[in-house]
Chemist: 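Here it is, the structure, as structure tokens.
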There are 2 protein chains.
Amino acid sequence: MKIDKKNITLKDVALRAGVSVATASRSLGNYGYVDKETKKKVLKAAKDLNYHFNSIAKGLRTKRTHTIGFLLPDITNPFYTRIAKGIQDYAYEKGYSVVIAYDDSMSNKTIKFFEMFFQDRMEGLIFSTPYNEVLEEMCRNTLKKGIPVVSCYGTKKVRFSDLIQSDAIGGCYKATKFLFDSGFPNFFVIKVKDSSISQRRFEGIEKFYEEIGKKLNKDFVLEVKDYSDRCGYEAAKEVFILGKKPTAIFCFGEQLAIGVMRAAKDCNISIPDELSLVSVDDVIASQLTPSITSVSLPVYHAGQVAANLIIERIEGKKRIKSREIYLEERFIIRESTSYNRLGN
Amino acid sequence: MKIDKKNITLKDVALRAGVSVATASRSLGNYGYVDKETKKKVLKAAKDLNYHFNSIAKGLRTKRTHTIGFLLPDITNPFYTRIAKGIQDYAYEKGYSVVIAYDDSMSNKTIKFFEMFFQDRMEGLIFSTPYNEVLEEMCRNTLKKGIPVVSCYGTKKVRFSDLIQSDAIGGCYKATKFLFDSGFPNFFVIKVKDSSISQRRFEGIEKFYEEIGKKLNKDFVLEVKDYSDRCGYEAAKEVFILGKKPTAIFCFGEQLAIGVMRAAKDCNISIPDELSLVSVDDVIASQLTPSITSVSLPVYHAGQVAANLIIERIEGKKRIKSREIYLEERFIIRESTSYNRLGN
DNA sequence: TTGAAAGCGCTAACAC
DNA sequence: GTGTTAGCGCTTTCAA
């Protein structure tokens with residue numbers, strides 16, 4: 001295997017084309033005045049030499065990197081990588097590359113990310129992570145340097161240029177209406193304690209009940225510790241064992257619903273024949289058997305919006321005021337729900 | 001919001017610390033001879049000024065970027081992002097950052113990636129993508145420039161420095177033995193036509209049969225077009241409708257197995273009571289109900305190995321010969337399989 | 001329309 | 001131990 005000795009630079013290209021580096025630069029960079037023929041010569045020389053542009057050098061000179069950093073909590077979770085895809089697809093289109101990093105919710109990794117973020121002179125920050133103190137401080141730093149920050153389904157409790165959130169209230173309102181119309185006015189809810197998003201989801205349910213002038217029975221609300229399948233399993237199992245026989249359960253997270261499915265299986269309760277199940281998130285809901293009727297978040301679209309907002313700011317069309325955008329959630333009916341004629 | 005006017009450079013730090021840029025550089029870079037006290041002064045000055053090192057400039061000067069590119073087909077698939085995580089975790093430890101890109105199996109995106117790869121002067125390439133012509137050409141280019149290339153569960157049909165593959169034969173051997181010992185000597189297989197990995201998996205089955213001196217009944221081998229859940233569904237459904245009543249099915253891909261579960265549900269066949277199901281990949285197998293007994297690939301570990309190999313080469317401990325590493329697959333017994341006393 | 005030359009922020013000889 | 005200085009490869013005045 002032969003290895004190219006020396007890096008080909010603009011100078012080499014210019015030499016071969018018989019022009020100056022300035023002209024070569026203008027030809028390759030598509031700017032300034034260059035004679036058509038000259039340009040053609042330069043392009044040919046570059047191709048002949050197998051020249052690869054050095055964007056490091058360009059970056060040093062122009063102080064631009066066309067790079068956006070995206071921080072997410074867990075790279076193996078499709079919920080976040082779908083956001084990442086939305087961001088990248090949009091950013092690439094606009095000539096930006098995006099560096100994806102995850103911090104596994106560990107602040108030492110968050111610190112490492114920001115070190116890299118600043119050292120590599122990234123031009124914008126998008127994050128989908130929950131609150132932590134390092135993030136808060138770093139977002140402040142970032143903004144102070146004039147670099148825009150967008151929270152995309154991330155925490156609301158730090159400084160940012162723009163924020164994208166889910167219209168959780170609207171989504172759960174739809175789900176509630178569906179359950180009600182399907183004959184399950186007394187469905188159970190599994191929500192997470194001390195979770196602000198769970199709280200907002202709950203407001204969606206309350207809103208519906210308010211509108212129809214009924215009261216929600218607090219006995220049907222189950223509060224669990226976190227969004228894990230284990231919590232869903234334990235909560236459901238307890239209900240089943242106590243013989244409460246719910247006809248429908250609404251979970252505020254997909255993993256919770258997966259736990260409920262397992263509990264139902266254990267107790268020989270058939271979904272959807274004996275129990276209707278509704279979930280939120282829609283990450284693998286469609287792949288399960290039965291597939292789960294879900295409130296679906298437009299994560300890919302959210303990523304695109306985030307990229308759009310940040311590039312808009314990077315390119316200077318920045319409005320002073322920060323924006324908060326709430327993206328609508330869809331409600332998708334699948335196999336895990338049925339119609340209940342009895343209405344109990 | 002106040003915005004920092006000017007970028008703080010090494011010069012500023014040196015000025016404030018009352019030393020030369022060289023000394024400042026030595027202090028911040030931890031190399032060469034620097035007096036302890038001097039170093040302390042420089043560090044303080046840097047902190048005071050909120051100095052952020054400019055790795056673009058460093059890169060230009062040293063011609064090193066400490067960056068590895070990782071190309072995968074689909075960023076929303078946890079199979080690949082677990083590899084990515086393995087790579088990043090290892091690389092970060094060694095002071096490298098990794099740029100993750102996906103090409104959605106579209107060669108124009110592959111081209112874009114390599115443009116970026118060369119322009120940004122990345123020092124190593126890892127890919128998990130299947131064969132395509134652009135990839136082949138670009139890998140050749142990359143190697144010619146002296147940049148190492150590692151295929152991590154990617155195609156074997158291009159030039160590379162090192163290759164990591166799965167011991168598909170061994171994994172399927174284990175699964176076959178399990179099915180046999182569980183009383184299912186006549187299980188059905190769903191494999192994919194024209195897939196080299198499916199072919200190797202099949203060899204694992206044949207190997208077992210050879211050892212016990214029996215012949216595999218070809219009637220039990222189902223060949224489908226691709227690895228989609230749809231193909232799994234259709235193949236299984238047809239078998240069920242024909243009344244063949246298999247007692248066990250072994251799928252060479254998780255999505256195939258998901259399709260089989262759906263078909264079984266449709267036909268009122270209970271898993272595992274009436275049908276045992278074994279799968280390969282282990283991406284969401286543990287989250288399904290019932291959870292699927294699976295051949296599990298050590299993807300995270302594979303990523304770490306890939307990162308290790310490439311960094312070894314980048315740092316010059318390169319052996320001439322290219323290596324091929326086959327990583328063992330585990331076999332995990334879950335709920336989708338039972339024991340068959342009848343043995344038919 | 002093209003070229004000469006300065007300089008982006010850093011490192012690494014080399015001199016002191 | 002520390003400072004001086006010449007570039008790394010590119011863009012961008014400015015002058016021709």
Side-chain angles (χ1 to χ4, degrees), chain A residues 4-43 45-46 49-67 95 115 118-123 145, chain B residues 4-43 45-46 49-67 95 115 118-123 145:
Chain A
D4 288 1
K5 300 265 174 316
K6 181 179 154 311
N7 254 307
I8 310 294
T9 73
L10 239 200
K11 206 168 138 192
D12 301 314
V13 176
L15 211 67
R16 181 172 237 263
V19 298
S20 70
V21 284
T23 303
S25 177
R26 279 190 279 259
S27 303
L28 261 17
N30 278 317
Y31 65 92
Y33 296 104
V34 197
D35 186 88
K36 260 190 190 161
E37 285 306 310
T38 315
K39 187 169 180 171
K40 213 184 279 178
K41 270 196 303 188
V42 174
L43 258 32
L49 293 170
N50 190 27
Y51 168 70
H52 283 283
F53 194 87
N54 186 331
S55 51
I56 313 271
K58 174 175 183 166
L60 180 60
R61 177 65 231 237
T62 60
K63 301 183 165 202
R64 295 222 44 196
T65 56
H66 291 273
T67 300
E115 227 166 70
F118 290 125
Q119 288 193 0
D120 290 355
R121 298 296 191 267
M122 301 190 194
E123 303 193 64
K145 282 184 184 297
Chain B
D4 289 0
K5 300 267 175 312
K6 182 179 152 312
N7 255 306
I8 310 294
T9 74
L10 239 201
K11 206 168 139 193
D12 300 314
V13 176
L15 211 66
R16 180 172 237 261
V19 298
S20 71
V21 283
T23 303
S25 179
R26 280 190 279 259
S27 305
L28 261 16
N30 279 317
Y31 67 92
Y33 297 104
V34 198
D35 186 88
K36 261 189 190 160
E37 284 308 307
T38 316
K39 187 169 181 171
K40 212 184 281 179
K41 268 196 304 188
V42 174
L43 258 33
L49 292 170
N50 191 28
Y51 168 70
H52 284 283
F53 193 88
N54 186 333
S55 49
I56 313 271
K58 174 176 182 165
L60 180 58
R61 177 64 231 238
T62 61
K63 298 180 165 206
R64 297 223 42 196
T65 56
H66 291 272
T67 301
E115 227 166 70
F118 290 126
Q119 290 194 359
D120 289 354
R121 298 297 191 265
M122 300 191 195
E123 303 193 63
K145 283 184 183 296

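Below, chains carry the letters A, B, ... as their sequence lines are ordered, and counting in each starts from 1.
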Chemist: Using the closest heavy atom to pick a nucleotide of DNA chain D for each, name whichever of A/Y31 or B/D35 lands nearer the 5' end.
Modeler: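 Final value for this comparison: B/D35.
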
Chemist: For a quick check of understanding: with a heavy-atom distance under 4.0 Å over all strands, which category does A/S25 fall into, base, sugar-phosphate or nothing?
Modeler: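 The residue A/S25 makes base contact.
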
Chemist: Can you name the salt bridge (Lys or Arg N to Asp or Glu O under 4.0 Å) partners of B/R64, sequence neighbours left out?
Modeler: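 Only B/E123 meet the salt bridge (Lys or Arg N to Asp or Glu O under 4.0 Å) criterion with B/R64.
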
Chemist: Compare the minimum distances between each of C/dA12, D/dT13, C/dC10 and the side chain of A/R26, then state the nucleotide with the smallest one.
Modeler: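 The closest nucleotide is D/dT13.
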
Chemist: So which of residues 53-62 of chain B are in contact with DNA chain D, with a heavy-atom cut-off of under 4.0 Å?
Modeler: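 When residues 53-62 of chain B is checked for heavy atoms under 4.0 Å from DNA chain D, the hits, listed by number, are B/L60, B/R61.
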
Chemist: Return the nearest nucleotide to the side chain of B/S20; candidates are D/dG3, D/dT2, C/dC8.
Modeler: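 When the side chain of B/S20 is considered, D/dG3 is the closest of D/dG3, D/dT2, C/dC8.
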
Chemist: When you get a sec, tell me which of C/dG3, D/dG9, D/dG3 is the closest nucleotide to the side chain of A/N7?
Modeler: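 In terms of side-chain proximity for A/N7, the closest of C/dG3, D/dG9, D/dG3 is D/dG9.
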
Chemist: Return the angle between end axes of the helix from C/dT1-D/dA16 to C/dC16-D/dG1, with five pairs used per end and rounding to 10°.
Modeler: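 The helix from C/dT1-D/dA16 to C/dC16-D/dG1 shows an end-to-end axis angle of 40°.
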
Chemist: With a cut-off of less than 4.0 Å, is there a side-chain N or O of B/K63 near OP1 or OP2 of D/dG9?
Modeler: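 True: B/K63 side-chain N/O within range (under 4.0 Å) of D/dG9 OP1/OP2.
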
Chemist: Start at the 5' end of DNA chain C and walk down; is the nucleotide closest to B/L10 or to A/T38 reached first?
Modeler: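 In this pair, the answer is A/T38.
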
Chemist: Would you kindly check whether a donor in the side chain of A/R121 faces an acceptor in the base of C/dG9, or vice versa, at under 3.5 angstrom?
Modeler: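 Flag unset: no donor-acceptor pair detected.
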
Chemist: Ignoring the backbone of B/Y33, work out which of D/dG1, C/dA12, C/dG9 is nearest its side chain.
Modeler: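 The nucleotide sitting nearest to the side chain is D/dG1.
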
